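Down below is the structure, laid out as structure tokens.
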Number of protein chains: 2
Amino acid sequence: MSLRHGLLGLLAGRPMSGYELTAAFDRSLRYVWSAGHSQIYPELNRLLNEGLIEQVDEGARGRRTYATTEAGIREMRHWLLEMEPTRTGRNDAHLRFFFLWMLSRTEAEELLQVEREFHEADLQEYMAIAASDGDPPWGQLPIELGISYKEAMIRWLDWAIKEVRSNHRKKRPRVVPQKAG
Amino acid sequence: MSLRHGLLGLLAGRPMSGYELTAAFDRSLRYVWSAGHSQIYPELNRLLNEGLIEQVDEGARGRRTYATTEAGIREMRHWLLEMEPTRTGRNDAHLRFFFLWMLSRTEAEELLQVEREFHEADLQEYMAIAASDGDPPWGQLPIELGISYKEAMIRWLDWAIKEVRSNHRKKRPRVVPQKAG
DNA sequence: TGAGTCATGTAACCTGTTACATGATTTG
DNA sequence: CAAATCATGTAACAGGTTACATGACTCA
């Protein structure tokens with residue numbers, strides 16, 4: 001039930017159409033929650049029927065602009081303050097790391113290297129966003145989390161690549177933790 | 001299609017029954033991929049029909065032990081080397097951070113503090129596992145990733161708590177009084 | 001006027017979760 | 001012999017993805 005809370009939260013920021021919401025999901029929420037238009041439009045109609053959003057404008061090409069109602073804001077606060085988030089991970093990129101032993105040393109290294117490039121590119125993108133961004137009260141927080149996460153991934157991957165190269169089979173030194181602050 | 005690869009990979013490590021696989025998913029793969037027995041048993045039967053696993057033993061209480069076939073190992077290598085992993089995130093705990101502005105400063109701080117405790121507990125658990133673990137060639141790698149990730153989360157949360165405490169908001173949230181109870 | 005973009009929708013399919021259901025074996 | 005655990009399954013439902021479908025408006 002997080003699609004609705006993503007929509008409710010975005011609309012609480014400013015009124016938008018389904019089309020704009022689809023773009024907002026793809027632009028800013030993509031790495032924490034993704035949704036396509038085929039999921040968004042039916043959900044908007046459900047939220048409208050339940051009185052959690054209301055239509056505030058109608059434009060060209062059948063464009064309908066919605067805003068979060070007070071009931072919708074109450075629902076958001078309920079979700080934020082009283083609901084336990086789902087803690088079940090679902091990340092097939094990370095799942096692969098459990099089965100690296102099925103590959104040769106060079107294949108494993110190659111996989112980790114490709115992964116590193118992917119996270120490195122993301123990091124650059126996030127840093128560009130962080131430089132230009134941030135008007136809602138604590139708007140820079142999520143992007144900084146993205147940066148922290150990508151940096152941690154890259155540090156781990158660099159360590160993992162070294163491990164795979166040296167191919168030790170017994171006890172190994174830990175990844176060097178970064179100093180806080 | 002990652003459930004099947006989790007199963008195939010675990011069975012490539014050693015032959016197991018559906019019951020054992022359910023426990024293995026819950027024990028070691030939980031934070032990257034979770035699956036219950038109601039999903040595992042039908043999938044095992046599908047893998048069996050497709051010749052990716054084979055039954056290698058039959059025990060008490062109808063227990064059936066499976067192992068990955070050569071076709072199954074080929075499928076694993078194909079998944080590891082040639083398939084693009086899904087990059088769409090799905091994490092409602094992180095999604096909440098985008099909407100912290102809808103809370104008061106103390107509410108936001110409390111949410112972040114609870115989150116910190118959760119990750120701190122995970123970190124302790126992971127460190128205990130890391131101390132005792134590691135037989136397959138690069139078996140230490142995934143748990144070290146878990147540790148790196150949890151450490152990054154805690155560092156970010158500490159920073160975010162400070163931010164929320166010190167930075168005054170630019171815009172008042174549209175706070176609606178909550179219903180009692 | 002044709003291509004691109006804006007804008008909304010439905011349907012089939014796949015995956016995952018929760019609940020229901022059953023029986024065998026072990027252990028105290 | 002009762003309770004716990006081992007062991008496997010099905011069904012209903014919820015949520016998410018891909019494909020199909022349509023039309024309005026803008027701009028070159």
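These numbers come from a predicted model, not from an experiment. Values below: all heavy atoms of this structure, side chains included; hydrogens, waters and symmetry mates excluded. Letters go in sequence order (proteins before strands), and every chain restarts at 1.
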Residue closer to the 5' end of DNA chain C, A:Pro42 versus A:Arg63 (nearest nucleotide): A:Arg63
Atom CE of A:Met1 and atom C1' of D:dG16 are separated, to the nearest Å, by 14 Å
So, using salt bridge (Lys or Arg N to Asp or Glu O under 4.0 Å) as the criterion, who are the partners of A:Glu107 when residues are at least two apart? B:Arg77
Any residue meeting ring-ring contact (aromatic ring centres under 6.0 Å, His included) with B:Tyr31, in chain and number order, not counting sequence neighbours: B:Tyr126
So, using side chain to side chain contact (heavy atoms under 4.5 Å, CB included) as the criterion, who are the partners of A:Val56 when residues are at least two apart? A:Pro15, A:Glu54, A:Thr65, A:Ala67
Would you please indicate yes or no on a ring centroid separation below 6.0 angstrom for A:Phe97 and A:Trp156? yes
With sequence neighbours left out, the residues meeting side-chain hydrogen bond (donor to acceptor under 3.5 Å, both in side chains) with B:Arg61 are none
Determine, for nucleotides 20-28 of chain D in 5'-to-3' order, which nucleotides have protein heavy atoms under 4.0 Å from the base (write B), from only the sugar-phosphate (write S), or from neither (write -). ----BB---
Length of the line joining A:Arg46:CZ and D:dG16:P, which is rounded to integer Å: 10 Å
Could you list the residues that satisfy side-chain hydrogen bond (donor to acceptor under 3.5 Å, both in side chains) with B:Ser17, not counting sequence neighbours? B:Glu20
Scan residues 9-28 of chain B against DNA chain C and write down, sorted by residue number, each residue with any heavy atom closer than 4.0 Å; if none is found, say none. none
What is the distance from CD of B:Glu43 to C1' of D:dT8, rounded to the nearest Å? 16 Å
Could I get the full list of salt bridge (Lys or Arg N to Asp or Glu O under 4.0 Å) partners for B:Asp122, not counting sequence neighbours? B:Lys150
For residues 35-42 of chain B, run the donor-acceptor check on the side chains, cut-off 3.5 Å, and write out each pair with its distance to 0.1 Å, sequence neighbours left out.
{"from": "B:Tyr41", "atom 1": "OH", "to": "B:Tyr19", "atom 2": "N", "distance (Å)": "3.3"}

Side-chain donor/acceptor of B:Ser38 to base of C:dT17, under 3.5 Å: no
With rounding to the nearest 0.5 Å, note down the distance linking OG1 in B:Thr86 to CG in A:Asp92. 4.0 Å
If you check every side-chain atom of B:Leu3, which of C:dG16, D:dA7, D:dA11 has the closest atom? C:dG16
When you measure from the side chain of B:Asn45, which nucleotide among C:dT18, D:dT18, D:dG9 comes out closest? D:dG9
With B:Arg4, which residues qualify under side-chain hydrogen bond (donor to acceptor under 3.5 Å, both in side chains), at least two apart? B:Glu43, B:Glu50
Residue pairs meeting ring-ring contact (aromatic ring centres under 6.0 Å, His included), one or both in residues 49-83 of chain B, sequence neighbours left out, come to B:His5-B:Trp79
Rounded to whole Å, how long is the line connecting atom CG of B:Asp57 with atom P of D:dT8? 11 Å
Using a cut-off of strictly less than 4.0 Å between a heavy atom of the residue and any atom of DNA chain D, enumerate the qualifying residues of residues 85-96 of chain B by number. B:Arg90
NE2 of B:His5 versus P of C:dT15: gap in Å, rounded? 11 Å
Can you see if the side chain of B:Arg64 gets near the phosphate of D:dG9 - specifically, an N or O under 4.0 Å from OP1 or OP2? yes
How do A:Gln39 and B:Tyr41 order along DNA chain D: which one's closest nucleotide is nearer the 5' end? B:Tyr41
B:Glu109 bridged to B:Arg165 by N-O distance under 4.0 Å: yes
Would you mind reading off the distance between A:Leu44 atom CG and C:dT10 atom C1', rounded to a whole angstrom? 15 Å
In whole Å, I'd like the distance from the CD1 atom of A:Ile40 to the P atom of C:dA7. 14 Å
